[in-house]
**Q** 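Pasting in a structure now, in structure tokens, and then I'll have a few things to ask.
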Amino acid sequence: TSIVVPTFSRCVTLPRLVRLFSLALAAYAIFTGTCFACSLLFPREILWVLGAKYAGLTHELPWLFAGSIVSGFVSVVSSLACARGWIWHAWITPVLTITLQVALVKFLDFSQVRGVLIFGFFSSIPTLLCMTYMVIRGMVKSRRIGRLVTCMEE
């Protein structure tokens, strides 16, 4: 984020911003996709690094990686939204997150690690969706106007 955010902020054309954003997402997707594949293919080896107390969590490890990956995507997408000032209807995010979490509490078993990890994974989804909406709206609005805009330019 330290490298990407200043670049997003300094960008002056929409085509360049789209290229930079696509590159950042692609690089993140390749890196995290590789990590996730490793969590599926080599769970015992990864857990071995963490220590013997974690050895029994082979089925939970992919959920841990998935939750971290989605949180990272939220960070990349929100960094673009914040850097460009594309923060529309931000109040929706906590409302959707809390609503989803209340629903998840009814269906998940929190006495198991797996239930906690699934809860964490799904709790990041509303934020990712809202931030994606903001970025898409900013890009569409910028394209329509013919220059990069901010949230204040309604």
Side-chain angles (χ1 to χ4, degrees), residues 1-43 46-47 49-50 54 57 59-110 112-143 148-154:
T1 319
S2 301
I3 296 168
V4 176
V5 172
T7 307
F8 287 160
S9 297
R10 286 190 310 265
C11 193
V12 293
T13 66
L14 182 60
R16 183 164 192 268
L17 183 65
V18 170
R19 273 194 313 279
L20 290 170
F21 185 59
S22 299
L23 181 63
L25 283 181
Y28 187 77
I30 290 168
F31 174 73
T32 58
T34 302
C35 290
F36 187 72
C38 287
S39 78
L40 293 171
L41 298 171
F42 309 109
I46 293 170
L47 292 170
V49 172
L50 296 176
Y54 297 94
L57 299 175
H59 298 296
E60 290 77 10
L61 188 65
W63 282 108
L64 175 66
F65 273 75
S68 298
I69 289 168
V70 170
S71 294
F73 268 113
V74 167
S75 178
V76 172
V77 175
S78 65
S79 70
L80 173 60
C82 292
R84 298 307 314 176
W86 293 341
I87 307 298
W88 289 280
H89 313 296
W91 61 269
I92 295 172
T93 303
V95 171
L96 290 176
T97 302
I98 292 169
T99 302
L100 177 63
Q101 288 175 339
V102 167
L104 288 171
V105 165
K106 296 179 181 183
F107 298 105
L108 294 174
D109 179 9
F110 290 100
Q112 301 291 321
V113 172
R114 184 182 190 106
V116 174
L117 294 173
I118 292 170
F119 181 82
F121 170 80
F122 282 107
S123 292
S124 297
I125 299 293
T127 307
L128 180 61
L129 294 175
C130 289
M131 289 296 156
T132 301
Y133 155 75
M134 291 178 202
V135 167
I136 291 171
R137 181 175 174 176
M139 288 184 180
V140 168
K141 193 171 186 182
S142 295
R143 184 165 189 249
L148 289 171
V149 298
T150 65
C151 181
M152 299 302 173
E153 299 178 60
E154 283 295 329

**Q** For M131 and A81, which heavy atoms make the closest approach, and how far apart are they?
**A**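 What the structure gives for the nearest pair is SD-CB, 4.2 Å.
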
**Q** Before you tell me yes or no, could you show the steps for M139 and V135 under side-chain contact (heavy atoms from CB on, under 4.5 Å), namely the whole-Å CA-CA distance, both residues' side-chain angles and the distance that decides it to 0.1 Å?
**A** CA-CA 6 Å; M139 288 184 180; V135 167; 3.8 Å; yes

**Q** Of all heavy-atom pairs between Y28 and S68, which one has the smallest distance, and what is that distance?
**A** OH-O, 3.7 Å

**Q** What distance do T97 atom OG1 and L104 atom CG have between them, rounded to the nearest 0.5 Å?
**A** 10.5 Å

**Q** Which residue in the set L128, L25, V5 passes side chain to side chain contact (heavy atoms under 4.5 Å, CB included) when paired with V76?
**A**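 Only one option passes, and that is L25.
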
**Q** Where do C82 and I87 land on the side-chain contact (heavy atoms from CB on, under 4.5 Å) test, with the steps shown first?
**A** CA-CA 7 Å; C82 292; I87 307 298; 3.8 Å; yes

**Q** Within this structure, what is the CZ-CZ distance for the pair R19 and R16, rounded to the nearest 0.5 Å?
**A** 7.5 Å

**Q** Angle between ring planes, F110 versus F119, binned at 30° and 60°: parallel, tilted or perpendicular?
**A**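 If you compare the ring of F110 with that of F119, the planes turn out perpendicular.
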
**Q** Measure the spacing between CG of L57 and CZ of R114 and express it to the nearest 0.5 Å.
**A** 11.0 Å

**Q** Got a second to check how far I69's CD1 is from F121's CZ, nearest 0.5 Å?
**A** 9.0 Å

**Q** Could you go through W86 and K141, starting from their C-alpha distance and side-chain angles, then the distance that decides it, and tell me whether this counts as side-chain contact (heavy atoms from CB on, under 4.5 Å)?
**A** CA-CA 10 Å; W86 293 341; K141 193 171 186 182; over 6 Å; no

**Q** Please check this pair: side chain of S39 against backbone of F36, looking for a donor-acceptor N/O pair closer than 3.5 Å.
**A**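 Yes; at least one donor-acceptor contact below 3.5 Å.
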
**Q** Taking all non-hydrogen atoms of both residues, which atom of P126 and which atom of S123 are closest, and how far apart?
**A**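 Shortest heavy-atom contact: CD-O, 3.5 Å.
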
**Q** Say whether, by atom type as modelled, one donor and one acceptor occur between the side chain of R84 and the main chain of C11 under 3.5 angstrom.
**A** yes

**Q** So with a 6.0 Å cut-off around CD1 of I3, is the heavy-atom count from everything else above 12?
**A** no

**Q** Looking at every heavy atom in both C130 and L96, which two are closest together, and how far apart are they?
**A** SG-CD1, 3.8 Å

**Q** Under the side-chain contact (heavy atoms from CB on, under 4.5 Å) criterion, do F21 and V4 qualify, and how do the steps go?
**A** CA-CA 8 Å; F21 185 59; V4 176; over 6 Å; no

**Q** Kindly give the heavy-atom pair with the smallest separation between F8 and A24, and that separation in Å.
**A**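 Nearest pair, atom of F8 first, then A24: CZ-CB, 4.3 Å.
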
**Q** Write down the atom of L117, the atom of E60, and the distance for their closest heavy-atom approach.
**A**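 Taking every non-hydrogen atom into account, CD1-O, 3.4 Å.
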
**Q** How long is the straight-line distance from CG of L17 back to CG of L80, given to the nearest 0.5 Å?
**A**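 CG of L17 is found 5.0 Å from CG of L80.
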
**Q** With a 4.5 Å heavy-atom cut-off, do L108 and F122 have their side chains touching?
**A** no

**Q** Answer yes or no: does atom OH of Y133 have more than 12 heavy-atom neighbours from other residues, nucleotides or ligands under 6.0 Å?
**A**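 Atom OH in Y133 is crowded, with more than 12 foreign heavy atoms closer than 6.0 Å.
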
**Q** When rounded to the nearest 0.5 angstrom, what is the spacing between CD1 in I46 and CG in L61?
**A** 5.0 Å

